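Nothing here was measured: the structure is a model prediction, and the numbers come from that model. Note that these values count all heavy atoms, side chains included, but never hydrogens, waters or copies made by symmetry.
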Amino acid sequence: MEEKLRQAKKNYDAIEIPPELDSAVRDAIRRGRLTKARRHFSPAKVAACAALCACVLFMVTVNAFPVLAMELSDVPVIGGLTKVLTFYRFEAADESIYIRLKVPELRNTGNSELEERVNREVRLRVDEKMEEAKTRAKEFFEAYLATGGVKDEYIPMDFTIDYRINCQNDRYVSFTVSQVETQASFYEECDYYNIDMETGKDLTLQDMLGEDYINICNEAVREGIAANEKKNPEGRYFHDELEFQSIEPDQDFYINEAGHVVVVFPKYALAPGYMGSQEFEVVPRP
C-alpha cells in the first residue's frame, strides 16, 4: 500500500498544472463562495465547472503539500439504490498545518444533474474551507516566529473534514459535512445537505413541516430544553437576554433515520460552551 501511495504521489507530482487553470478555478471559487443560503446553479455552469473542481482537489492541493496518504474509495456506506460514498481520503502536511479530508460523493441516484450539482457544491465548499484554514495556519505560524517562537517547537494546526450520513432511503438523503480545526482551541463548523430524491431539490424546514414550521420547531426546542434541564440539572441553558426566542428561517437542520427533522444550534448559541452544540428532534404530533 505504501509503495502504491508513493507511486500515486510521484504521478501527481509529475502533472504540470497550467497557470491559467489555477487562475480560472480560483476565480470561479471566489464568484461561487457558498453561504448558509442554498445556492442553485444552472446546468451550463455545472457542466463548465465540475471538472475544474476535481482538478483543484486532485492536482492543486496534492502538489501544494507533502502527501501522507491518499485513497479513492468506492464502498457504499449504507445500502440502497442511492449511495453516499467516500469520494477520496487525503492527508497532507507542511510546517504550519496538518490536513485530513474524507469527502463524500452522491452516486447512483438516476439523476446525473442532481449528482453533479450536489457533488460540485460539496467540493467547492471543502476547497473553500481548506484554503481559508491554510491561510490562517500560515498567519499563525508567521506570527509565532515573529514573536520569537522556535520553529522546531511549533505545533501545526490540525484541520479535519469528515462526513456523517443522517438518513438515506428512497425519499430522502441527508448528510453532514463537518470541519474541525484544533490548535490553541477547538473549533467545529458543519454544513447540512438534505435532498428530496423525488424532486432533486434541497429541502427546507417549510418543505418538511409546512407553513407553520417556525412555531412547530420553536415548540420542539422549548420542550427539549425543559426536558434536558430536568434530566440534567447541571446543564443549564441561557435564561437571560440570550434565552432562546425562535429559530431562524434558514435554521440548520438534518433528517434522522426516522425521517424526522432535527434542528441544530452551534456551540454557545443556547448554552455555555462546555455543553457543545444542541440538537432537538421535531417529532410529528399524532
Side-chain angles (χ1 to χ4, degrees), residues 34-38 77-80 82 84 102 104 122 125 129 160-182 185-199 201-286:
L34 301 175
T35 63
K36 286 177 64 177
R38 301 294 187 262
V77 179
I78 296 179
T82 302
V84 180
K102 189 162 71 172
V122 170
R125 186 66 170 146
K129 288 183 175 183
T160 302
I161 285 184
D162 203 346
Y163 73 97
R164 179 188 75 217
I165 298 177
N166 306 308
C167 176
Q168 184 171 244
N169 54 42
D170 292 338
R171 186 176 183 185
Y172 304 128
V173 168
S174 175
F175 62 96
T176 302
V177 180
S178 61
Q179 165 198 345
V180 174
E181 191 174 299
T182 307
S185 60
F186 176 89
Y187 170 78
E188 182 177 19
E189 181 181 344
C190 295
D191 292 311
Y192 300 89
Y193 298 84
N194 304 294
I195 305 161
D196 185 323
M197 298 310 299
E198 291 185 0
T199 65
K201 65 176 289 190
D202 294 332
L203 289 160
T204 66
L205 284 172
Q206 184 170 330
D207 293 331
M208 296 295 297
L209 301 173
E211 294 288 340
D212 198 33
Y213 72 95
I214 291 181
N215 289 328
I216 292 172
C217 288
N218 287 346
E219 183 177 357
V221 172
R222 293 190 182 100
E223 290 178 355
I225 289 175
N228 289 345
E229 288 186 329
K230 183 177 180 180
K231 182 179 180 181
N232 179 21
E234 299 296 323
R236 299 292 296 176
Y237 291 80
F238 296 138
H239 290 287
D240 49 23
E241 67 274 7
L242 298 177
E243 184 175 12
F244 172 73
Q245 300 297 322
S246 176
I247 66 164
E248 300 293 333
D250 61 347
Q251 184 73 39
D252 284 335
F253 77 97
Y254 65 85
I255 303 168
N256 64 17
E257 291 183 358
H260 299 164
V261 163
V262 178
V263 292
V264 183
F265 295 85
K267 187 177 177 180
Y268 299 110
L270 300 181
Y274 74 87
M275 292 177 62
S277 61
Q278 297 294 307
E279 301 183 355
F280 301 92
E281 183 178 13
V282 182
V283 179
R285 300 298 186 186

Which atom of [X] lies closest to which atom of [Y], heavy atoms considered:
X: Val177; Y: Lys129; value: O-NZ, 4.4 Å
X: Phe253; Y: Met208; value: CE1-CG, 4.2 Å
X: Ile255; Y: Leu203; value: CD1-CD1, 3.7 Å

Quick one: salt bridge (Lys or Arg N to Asp or Glu O under 4.0 Å) partners of [X], sequence neighbours excluded?
X: Glu219; result: Arg285
X: Asp196; result: none
X: Glu248; result: none
X: Glu281; result: none

Does any part of the side chain of [Y], heavy atoms only, come nearer than 4.5 Å to the side chain of [X], both counted from C-beta?
X: Ile247; Y: Phe280; value: no
X: Gln168; Y: Val84; value: yes
X: Ser178; Y: Arg164; value: no
X: Asn228; Y: Gln278; value: yes
X: Val173; Y: Met197; value: yes
X: Val264; Y: Cys190; value: no
X: Asn194; Y: Tyr172; value: no

Suppose we screen for ring-ring contact (aromatic ring centres under 6.0 Å, His included). Which residues come up paired with Phe175, at least two apart in sequence or across chains? Tyr193
For the [atom1] atom of [X] and the [atom2] atom of [Y], what is their distance to the nearest 0.5 Å?
X: Ile195; Y: Asp202; atom1: CD1; atom2: CG; answer: 6.5 Å
X: Glu188; Y: Thr182; atom1: CD; atom2: OG1; answer: 9.5 Å
X: Thr204; Y: Gln251; atom1: OG1; atom2: CD; answer: 13.0 Å
X: Leu205; Y: Asp250; atom1: CG; atom2: CG; answer: 9.0 Å
X: Tyr254; Y: Cys167; atom1: OH; atom2: SG; answer: 11.0 Å

Donor on one side chain, acceptor on other, Glu211 and Gln206, under 3.5 Å: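 Result is yes, a qualifying pair exists.
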Side chain to side chain donor-acceptor pair (under 3.5 Å) with [X]: which residues, sequence neighbours excluded?
X: Ser246; answer: Asn218
X: Asp162; answer: none
X: Arg222; answer: none
X: Gln245; answer: none

Could you give all pairs that pass the ring pair (Phe, Tyr, Trp, His ring centres under 6.0 Å) test and reach residues 201-252, with sequence neighbours left out?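 Ring pair (Phe, Tyr, Trp, His ring centres under 6.0 Å) check on residues 201-252 returns Phe244-Phe265.
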Restricting to side-chain contact (heavy atoms from CB on, under 4.5 Å), what partner residues turn up for Tyr268, sequence neighbours left out? none
Can you pull out every salt bridge (Lys or Arg N to Asp or Glu O under 4.0 Å) where at least one residue sits in residues 230-247? Sequence neighbours excluded, please. Glu229-Arg236
Under 3.5 Å, is there a donor-acceptor pair between the side chain of Asn256 and the main chain of Val262? no
